[in-house]
Protein chains: 4
Amino acid sequence: MKRKGPKYEKIIDAAVNVIAEHGYHQSQVSKIAKEAGVADGTIYLYFKNKEDLLVSVFNEKMGTFIEKTENELKSNDSAIQKLRILVEMHFKQLTADFELSIVTQLELRQTNRQLRAKIGEVLKRYLDLIDSILKDGMQEGVFVKNMDYRLARQMIFGTIDETATNWVMNDHRYDLPALAGPVHQMLVNGLSVRSVNLDD
Amino acid sequence: MKRKGPKYEKIIDAAVNVIAEHGYHQSQVSKIAKEAGVADGTIYLYFKNKEDLLVSVFNEKMGTFIEKTENELKSNDSAIQKLRILVEMHFKQLTADFELSIVTQLELRQTNRQLRAKIGEVLKRYLDLIDSILKDGMQEGVFVKNMDYRLARQMIFGTIDETATNWVMNDHRYDLPALAGPVHQMLVNGLSVRSVNLDD
Amino acid sequence: MKRKGPKYEKIIDAAVNVIAEHGYHQSQVSKIAKEAGVADGTIYLYFKNKEDLLVSVFNEKMGTFIEKTENELKSNDSAIQKLRILVEMHFKQLTADFELSIVTQLELRQTNRQLRAKIGEVLKRYLDLIDSILKDGMQEGVFVKNMDYRLARQMIFGTIDETATNWVMNDHRYDLPALAGPVHQMLVNGLSVRSVNLDD
Amino acid sequence: MKRKGPKYEKIIDAAVNVIAEHGYHQSQVSKIAKEAGVADGTIYLYFKNKEDLLVSVFNEKMGTFIEKTENELKSNDSAIQKLRILVEMHFKQLTADFELSIVTQLELRQTNRQLRAKIGEVLKRYLDLIDSILKDGMQEGVFVKNMDYRLARQMIFGTIDETATNWVMNDHRYDLPALAGPVHQMLVNGLSVRSVNLDD
DNA sequence: CATGAATGAGTTTTCATTCAT
DNA sequence: CATGAATGAAAACTCATTCAT
């Protein structure tokens with residue numbers, strides 16, 4: 001199983017193109033091979049099976065996605081600023097590649113539980129990023145102490161993801177990065193100490 | 001196409017059971033028929049085809065789900081209280097039927113675009129409920145004026161949905177309704193006037 | 001098995017209509033029942049099964065067809081005149097009922113060997129008619145002596161049938177009975193003593 | 001869609017065998033594949049679908065049939081001699097392959113209108129052959145001037161076809177080519193100038 | 001006599017994967 | 001390394017017929 005080489009990249013990219021264009025259930029291995037300019041059998045020299053290919057697509061693309069975000073977060077910014085960077089990077093990167101956005105937001109979700117579990121593992125790294133921002137914010141005293149990490153993370157990811165999915169489902173018709181500001185504002189409010197206390 | 005009768009209900013319920021147990025892609029019509037105690041062909045007396053059955057499952061179950069929520073929201077409560085009711089009803093109803101929660105949160109999302117579009121139509125009514133709460137809150141002056149409806153709605157639905165999905169993926173291991181309070185708190189903060197202003 | 005009654009006729013006629021309109025393979029029992037204004041099960045009070053119904057359609061309609069021809073041939077006409085009457089009656093009767101012509105010339109031929117064997121039995125009576133004309137003609141001395149009955153009959157029936165089928169396949173676009181004259185002329189020539197002798 | 005190769009031939013021949021033996025409606029793709037010694041899926045590498053296979057069977061076999069006839073007719077024979085060749089070739093070729101004769105005379109007629117339309121296109125070439133003989137005969141002055149081409153063609157084809165079909169339905173029990181002479185005689189008589197004039 | 005809801009057997013086609021070249 | 005022809009398992013849907021009412 002060769003894991004690298006020019007054809008490896010070609011196949012990954014071909015898969016993104018084909019899935020974006022024809023949809024997950026119409027993306028047969030032979031169609032991806034043709035798009036990549038290789039024989040069907042060649043796919044199996046680089047990937048164990050179709051599921052492995054799809055997971056690899058997500059790994060490679062989401063890996064780059066996460067790394068870029070990680071790099072931008074290495075600054076000494078405050079937690080609030082970092083959250084802003086996270087949201088902005090998320091929206092900007094999806095905007096930079098419409099096809100990829102279709103694949104990750106819509107098509108790769110039509111997979112079975114097993115495949116999504118593997119996709120979940122990749123996402124773990126991203127969720128960890130969010131967690132570290134939350135931790136920072138609590139240490140800085142700007143986010144509510146003793147908050148439920150998991151819930152906060154779910155609000156952040158859920159909001160960002162829902163916003164991104166709606167944008168894709170609306171055919172990328174509006175400016176997604178422009179929403180980073182308002183979304184960030186809402187999330188910060190939701191997490192901040194200086195906010196409504198329902199126990200008042 | 002008979003749309004009522006005891007067998008109609010039986011088939012719908014059998015579909016939920018089978019999908020929850022075996023997963024969407026392993027839920028053959030014959031398996032559902034067997035579970036319902038009818039012949040394969042009988043399914044087609046009540047549903048046009050398999051897709052129609054699946055949409056009907058979502059319609060029937062989600063319809064009841066939304067109606068119950070609507071009824072609870074007919075009170076004269078404040079927008080903040082209504083949002084609390086919405087979150088609580090959402091979590092309570094999912095808790096009341098584990099199988100249904102698996103089907104709606106995990107399995108029915110593995111469907112193709114066409115089926116999901118039809119599912120989206122049903123969800124529209126739920127999103128409208130959220131919108132009306134947001135409108136109330138703005139009129140009451142507790143939610144930020146001129147907020148982006150769509151974004152706010154996406155935060156609310158995204159957060160609730162992500163929280164619910166995580167709960168199902170963690171095998172219902174913890175008390176979901178107990179999270180209604182904190183989730184509600186975060187959402188209200190996110191939307192309220194009395195919160196952090198990043199432009200400060 | 002009731003063999004008569006108003007519903008028997010209704011069902012037969014409904015079958016002709018449905019087959020003519022939808023084609024043999026799209027003529028389900030339920031469709032015929034609906035057209036006849038009876039319940040599906042009622043068909044089985046009058047006919048043993050679907051094949052029996054189809055054979056009965058052919059029997060009833062072809063029976064009348066043949067009887068009318070037989071009646072016209074009871075005259076003391078010459079064999080040549082009788083052949084003319086036969087061809088003319090054939091074309092006129094098909095022209096009188098377009099739907100029936102579609103059913104007998106096109107649709108009922110799409111049946112399996114078994115059903116066509118039964119249809120063949122009904123046709124036997126018609127072929128006997130032809131044979132008796134041939135016999136007359138030989139006795140009169142106008143048709144070739146010692147001719148091969150079977151071959152002559154096949155030429156007559158084959159020609160008439162092929163002509164009729166072509167007319168139906170051309171959507172009854174031209175005047176079929178007008179062809180009776182020329183067809184008759186050709187057939188008589190083919191059979192007559194006063195014609196080309198290839199052994200010359 | 002591979003249109004050639006040894007398996008293409010094998011599948012075509014297997015189809016003829018299976019249809020001749022089991023009948024059109026009992027000739028499942030899997031049965032044909034088994035007879036051809038290939039996997040079911042292999043059929044679909046060579047044919048678009050089952051209908052395409054059946055049309056191809058007719059095309060290939062009837063194509064050869066027609067070509068052989070065309071070749072025999074390239075001589076400088078008279079129209080009458082050519083007609084003799086046509087009839088003889090027709091009967092001889094059917095006699096040379098009993099299975100094929102069953103398929104073309106009985107089984108392939110049980111198809112729906114769509115399939116028969118495609119079969120009709122292939123037959124067109126054969127009917128053109130007949131037409132050209134008729135034209136020759138008229139130019140030679142041996143066939144009636146200003147005759148109705150279509151009618152004459154229908155007599156010739158109808159007679160030959162009916163004769164062949166009867167022979168097959170009688171289980172090939174007699175010598176079909178031996179009938180070429182008498183059939184030819186009848187047809188020539190039917191068409192000739194030196195014959196009975198009913199207007200006498 | 002009549003109904004019509006229910007039955008369940010039966011077939012085409014797709015496509016991930018293999019392996020001889 | 002690369003090819004691509006071949007494999008064969010798997011599933012939705014139809015419709016003639018029955019039988020309880």
Side-chain angles (χ1 to χ4, degrees), chain A residues 1-2 5-8 25-34 36-54, chain B residues 1-2 5-8 25-34 36-54, chain C residues 1-2 5-8 25-34 36-54, chain D residues 1-2 5-8 11 25-34 36-53:
Chain A
M1 182 99 17
K2 276 186 70 70
K7 294 201 174 167
Y8 178 83
H25 289 292
Q26 280 308 306
S27 297
Q28 297 85 352
V29 170
S30 63
K31 204 178 274 177
I32 294 171
K34 194 175 179 185
V38 302
D40 294 16
T42 305
I43 302 267
Y44 292 86
L45 298 176
Y46 292 87
F47 304 92
K48 206 165 64 154
N49 50 35
K50 188 180 183 183
E51 178 175 311
D52 184 37
L53 164 57
L54 295 173
Chain B
M1 192 84 21
K2 314 197 74 56
K7 298 212 168 153
Y8 178 81
H25 290 291
Q26 278 306 309
S27 296
Q28 298 86 348
V29 170
S30 62
K31 206 178 273 178
I32 294 171
K34 195 174 179 185
V38 302
D40 292 17
T42 304
I43 302 269
Y44 294 87
L45 295 177
Y46 291 87
F47 304 93
K48 203 157 55 93
N49 49 35
K50 190 181 180 182
E51 176 175 311
D52 183 36
L53 165 57
L54 295 172
Chain C
M1 184 97 19
K2 273 186 73 68
K7 293 199 175 168
Y8 178 82
H25 289 292
Q26 280 307 307
S27 297
Q28 296 85 351
V29 170
S30 62
K31 205 178 272 177
I32 295 172
K34 195 174 178 185
V38 302
D40 293 15
T42 303
I43 302 267
Y44 292 85
L45 297 176
Y46 291 86
F47 304 92
K48 207 166 62 146
N49 51 35
K50 190 179 181 182
E51 178 175 310
D52 183 38
L53 164 57
L54 295 172
Chain D
M1 193 86 18
K2 315 197 75 57
K7 299 214 167 154
Y8 179 81
I11 294 166
H25 289 292
Q26 278 307 306
S27 296
Q28 297 85 349
V29 170
S30 62
K31 208 177 270 177
I32 295 171
K34 196 175 177 182
V38 302
D40 292 17
T42 304
I43 302 269
Y44 293 87
L45 296 178
Y46 292 86
F47 304 93
K48 204 158 55 97
N49 49 36
K50 190 180 181 181
E51 177 175 312
D52 182 37
L53 164 57

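A note on names: the letters A, B, ... follow the listed sequences, proteins ahead of strands, and every chain is numbered from 1.
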Under 3.5 Å, which donor-acceptor pairs link side chains of residues 26-33 of chain B to any protein atom two or more places apart or in another chain?
{"unit_1": "B/Q26", "atom_1": "OE1", "unit_2": "B/Q28", "atom_2": "NE2", "d": "3.4"}
{"unit_1": "B/S27", "atom_1": "OG", "unit_2": "B/G23", "atom_2": "O", "d": "2.7"}
{"unit_1": "B/Q28", "atom_1": "OE1", "unit_2": "B/K31", "atom_2": "NZ", "d": "3.4"}
{"unit_1": "B/K31", "atom_1": "NZ", "unit_2": "B/Q26", "atom_2": "O", "d": "2.9"}

task = Take atom NZ of B/K7 and atom C1' of E/dA5, then tell me their distance rounded to the nearest Å.
result = 7 Å

ask   = Taking only side-chain nitrogens and oxygens of B/Y46, does any of them come within less than 4.0 Å of OP1 or OP2 of E/dA5?
value = no

Distance (rounded to the nearest 0.5 Å) between D/L45 CG and D/Y8 OH = 13.5 Å

query = Atom CD1 in D/I11, atom CD1 in D/I43: separation rounded to 0.5 Å?
reply = 4.5 Å

query = Can you list every side chain to side chain donor-acceptor pair (under 3.5 Å) pair that touches residues 39-49 of chain B, not counting sequence neighbours?
reply = none

inquiry  = Once rounded to the nearest 0.5 Å, what's the spacing between atom CG of D/L53 and atom CZ of D/F47?
reply    = 5.0 Å

inquiry  = What is the distance, to the nearest angstrom, from the CE atom on D/M1 to the C1' atom on F/dA5?
reply    = 14 Å

Tabulated below should be each protein N or O lying under 3.5 Å from an N or O of nucleotides 15-19 of chain E; please produce it.
{"unit_1": "E/dC15", "atom_1": "OP1", "unit_2": "A/Q28", "atom_2": "NE2", "d": "2.9"}
{"unit_1": "E/dC15", "atom_1": "OP2", "unit_2": "A/Q28", "atom_2": "NE2", "d": "3.2"}
{"unit_1": "E/dA16", "atom_1": "OP1", "unit_2": "A/K50", "atom_2": "NZ", "d": "2.8"}
{"unit_1": "E/dA16", "atom_1": "OP2", "unit_2": "A/V29", "atom_2": "N", "d": "2.9"}
{"unit_1": "E/dT17", "atom_1": "OP2", "unit_2": "A/Y44", "atom_2": "OH", "d": "2.9"}
{"unit_1": "E/dT17", "atom_1": "OP2", "unit_2": "A/K50", "atom_2": "N", "d": "2.8"}

d(CD1, C/I43; P, F/dC15) in whole Å = 15 Å

inquiry  = Rounding to an integer number of Å, can you tell me how far B/L54 CG sits from F/dA12 C1'?
reply    = 12 Å

key: Nucleotide-level pairing of DNA chain E, given in dot-bracket where Watson-Crick and G-U pairs need both distances under 3.5 Å and | marks other strands   = .||||||||||||||||||||

note = Atom NZ of B/K34 and atom C1' of F/dA12 are separated, to the nearest Å, by 18 Å

task = Write down the distance between CD1 (C/I32) and C1' (F/dA16), rounded to a whole number of angstrom.
result = 11 Å

